[in-house]
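Accompanying notes for the structure given below.
Here the structure is a predicted model, which means the values were calculated and not measured. In what follows, chains carry the letters A, B, and so on, assigned in the order in which the sequence lines appear, proteins first and then strands, with residues in each chain numbered from 1.
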Protein chains: 2
Amino acid sequence: MVTKKITSLEVAKLAGVSQSAVSRVFTPGASASKKTEEKVRKAATELDYRPNVLARSLITGRSRIIGLVVAHLDNYFYPEALELISNSLQKKGYHVLVFMASKTAGSIDDVVDEILDYQVDGIILASVAISSNLASRCNARGVPVILFNRSQDDDRFSAITSDNILGGQKVARLLIAGGHKRIAYIAGWEGASTQRDREAGFVEELKQHGMSLHAREVGNFIQDEARQAARKMFTANEIPDAVFVASDDMSFAVMDVIRFELGLKIPEQVSVVGYDDVPVSSWPAYDLTTVRQPANRMVAETISMILECIENKKTKPRQIKIDGPLIMRGSTRISTKLSK
Amino acid sequence: MVTKKITSLEVAKLAGVSQSAVSRVFTPGASASKKTEEKVRKAATELDYRPNVLARSLITGRSRIIGLVVAHLDNYFYPEALELISNSLQKKGYHVLVFMASKTAGSIDDVVDEILDYQVDGIILASVAISSNLASRCNARGVPVILFNRSQDDDRFSAITSDNILGGQKVARLLIAGGHKRIAYIAGWEGASTQRDREAGFVEELKQHGMSLHAREVGNFIQDEARQAARKMFTANEIPDAVFVASDDMSFAVMDVIRFELGLKIPEQVSVVGYDDVPVSSWPAYDLTTVRQPANRMVAETISMILECIENKKTKPRQIKIDGPLIMRGSTRISTKLSK
DNA sequence: TATTATTTTGCATACGCTTGCAAATACTTT
DNA sequence: AAAGTATTTGCAAGCGTATGCAAAATAATA
């Protein structure tokens with residue numbers, strides 16, 4: 001029952017070579033003769049030896065670990081992204097150390113400190129902000145930081161987002177073309193760049209057409225608050241005939257209130273548009289018109305960018321916006337004809 | 001721009017003490033006088049020093065990393081579990097290294113090998129099986145393995161599940177009490193213990209009441225396949241008046257087919273029961289009767305068990321089943337009165 | 001075959017930290 | 001104040017690996 005650790009030294013002994021030889025066999029770039037390689041591999045499998053990644057990291061200074069900070073796993077966009085990120089990195093020989101930035105945990109700064117302790121090669125912040133103090137700390141250590149689905153007015157790190165401004169504009173155009181007259185908006189958390197950009201594009205485009213928001217509430221990207229917002233908005237005097245909700249997740253809650261609590265018809269009486277295009281949106285029970293955030297492309301950019309930063313320390317941070325299509329479904333009227 | 005690494009040695013120099021003193025200040029169990037502690041802390045903050053977890057692990061043999069293998073992140077039960085697991089472990093000073101066992105990656109065995117390379121202190125397999133060969137490898141290294149939401153006929157590792165047999169029984173009783181006569185089942189992946197147990201309990205209880213399955217299809221825990229199954233099942237000659245679906249996730253797909261493709265009423269014409277109680281189930285658009293898997297309690301047990309195994313190597317593996325309540329909602333008839 | 005160019009190999013060191021041990025210091029006790 | 005006890009401290013070794021350097025082995029060339 002004694003757990004004996006197998007080290008490269010033991011393999012070396014068994015194979016009749018030096019420890020360095022073993023190391024070289026298991027180090028991608030290193031050179032070893034066919035003969036020794038064979039001997040070493042044989043001994044290694046016999047002893048069930050595998051190199052200790054931690055010890056290796058200590059020398060190379062590379063851990064092949066990427067820290068991922070994530071919140072809002074309840075919004076399905078993030079599990080999806082997490083899966084894509086983890087898979088892509090796995091293929092490149094990296095692995096993901098997950099850190100939850102949820103309510104329960106301390107501040108993001110503490111979390112990032114813990115991440116740095118693990119000597120991660122890079123950090124991905126999914127929908128999470130970071131203090132500029134911390135940013136410089138990461139910078140000082142040469143650890144690249146990438147924002148995923150969030151941007152920040154700080155050119156020290158790269159950010160990958162969908163084109164939220166453009167997305168907002170598209171929604172506005174759609175609703176205007178559909179002949180809606182009383183267009184409302186339910187906002188996400190106002191500290192989020194995604195929220196700000198979506199609203200900015202939306203409102204701007206309305207303005208271009210001589211319109212403005214008929215109503216506005218804040219849902220903070222939380223379903224409960226979105227429900228409250230919807231109740232307030234749709235029990236007012238003149239209710240909206242269309243509402244753009246800052247995320248699909250909130251949209252579902254809003255639709256439920258509209259249909260099941262207030263008995264209104266979607267889209268005959270109210271059109272609803274969301275943002276994200278999570279899988280549930282396409283389910284017939286919701287059939288939600290929405291702007292797709294192309295998770296796979298966003299992740300692909302994120303990965304290639306972070307790897308680039310790791311390989312080449314002097315890569316300059318970039319901000320990338322990825323255009324996502326408007327997905328037309330049944331939750332919005334498209335003709336101006338109103339059902340009476 | 002040169003990235004200078006701060007080591008305990010530099011802190012020691014600045015503080016005017018030995019390197020070991022610095023180490024002791026940052027090692028929980030170690031002793032240091034008030035005076036040195038003060039000096040060291042001051043120097044440390046000045047230099048922005050934090051201990052290198054990897055180097056520490058090399059010595060202590062403890063990485064404070066838990067490997068988590070997870071598939072099916074598209075079933076919302078798992079993101080939820082992941083969040084709980086990560087949070088709980090974070091509080092205990094551990095962190096989660098995530099490995100996806102999805103379609104794209106190789107076999108689980110390869111994945112677990114990669115995990116072991118990181119010298120993890122333990123492994124949690126969420127809804128994933130493991131070969132017995134690999135099991136012994138983990139055992140040999142003294143790395144505890146815990147199955148989450150899956151059990152296996154191998155007493156070498158612990159398994160935490162909900163009481164799926166009992167859950168299946170509860171569903172059967174409910175449907176029988178509701179006066180259903182043609183009771184059907186849509187199965188998950190038949191390799192999964194969860195699937196087998198749910199069905200076993202369900203069928204057994206029907207049998208106790210002199211009934212048997214009116215129809216049965218397999219959905220493999222995949223929505224698309226569940227849809228196919230539902231189409232087949234509900235276009236047959238005599239359609240079921242109740243269907244138990246092995247997971248909520250599949251249930252939604254089934255309900256969509258029943259209502260939107262076939263135009264049947266739930267629960268008037270067909271009662272539907274799911275399993276898991278993911279958040280969507282409570283949304284009014286589905287309002288699904290289901291058996292709750294108490295994720296928080298399951299996670300709590302998982303964590304306490306894995307930590308126990310880590311602290312005390314000779315802890316015997318245990319299989320734990322956690323009872324989960326039947327959550328009555330609107331997708332099932334409760335009276336025997338049939339709507340005509 | 002002798003000579004040079006090339007590859008392979010082992011030695012020794014370093015990565016940043018913890019920890020047993022013995023020396024040094026601080027605190028008690030009579 | 002001296003002896004004894006408890007606590008703190010520095011030294012040095014080692015965790016498992018990668019890698020520069022020089023020596024040894026091999027291949028290539030004349």
Item to complete: Look at the aromatic rings of Phe148(B) and Phe77(B) and report parallel, tilted or perpendicular, splitting at 30° and 60°.
Response: parallel

- Query: Can you name the closest pair of heavy atoms from Lys92(A) and Arg64(A) and give their distance?
  - Reply: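 Closest pair (atom of Lys92(A), atom of Arg64(A), distance): O-NH2, 3.0 Å.
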
Worksheet item: Counting N and O atoms only, with roles assigned by atom type, does the side chain of Gln90(B) sit under 3.5 Å from a partner on the main chain of Met100(A), one being a donor and the other an acceptor?
Response: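 It does hold such a pair.
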
Just by modelled atom types, is the Thr161(A) backbone N or O under 3.5 Å from a matching donor or acceptor in the Arg150(A) side chain? no

- request: Decide, yes or no, whether a salt bridge links Glu308(A) with Arg318(A) under the criterion of side-chain N to carboxylate O below 4.0 Å.
  value: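 Salt bridge present between Glu308(A) and Arg318(A).
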
Atom CZ of Phe26(B) and atom P of dT19(C): how far apart are they, to the nearest Å?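 After rounding, the reported distance stands at 16 Å.
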
In B/S/- notation (B base, S sugar-phosphate only, - none; protein heavy atoms under 4.0 Å), nucleotides 6-17 of chain D written 5' to 3' is --SBBBB-BBBB

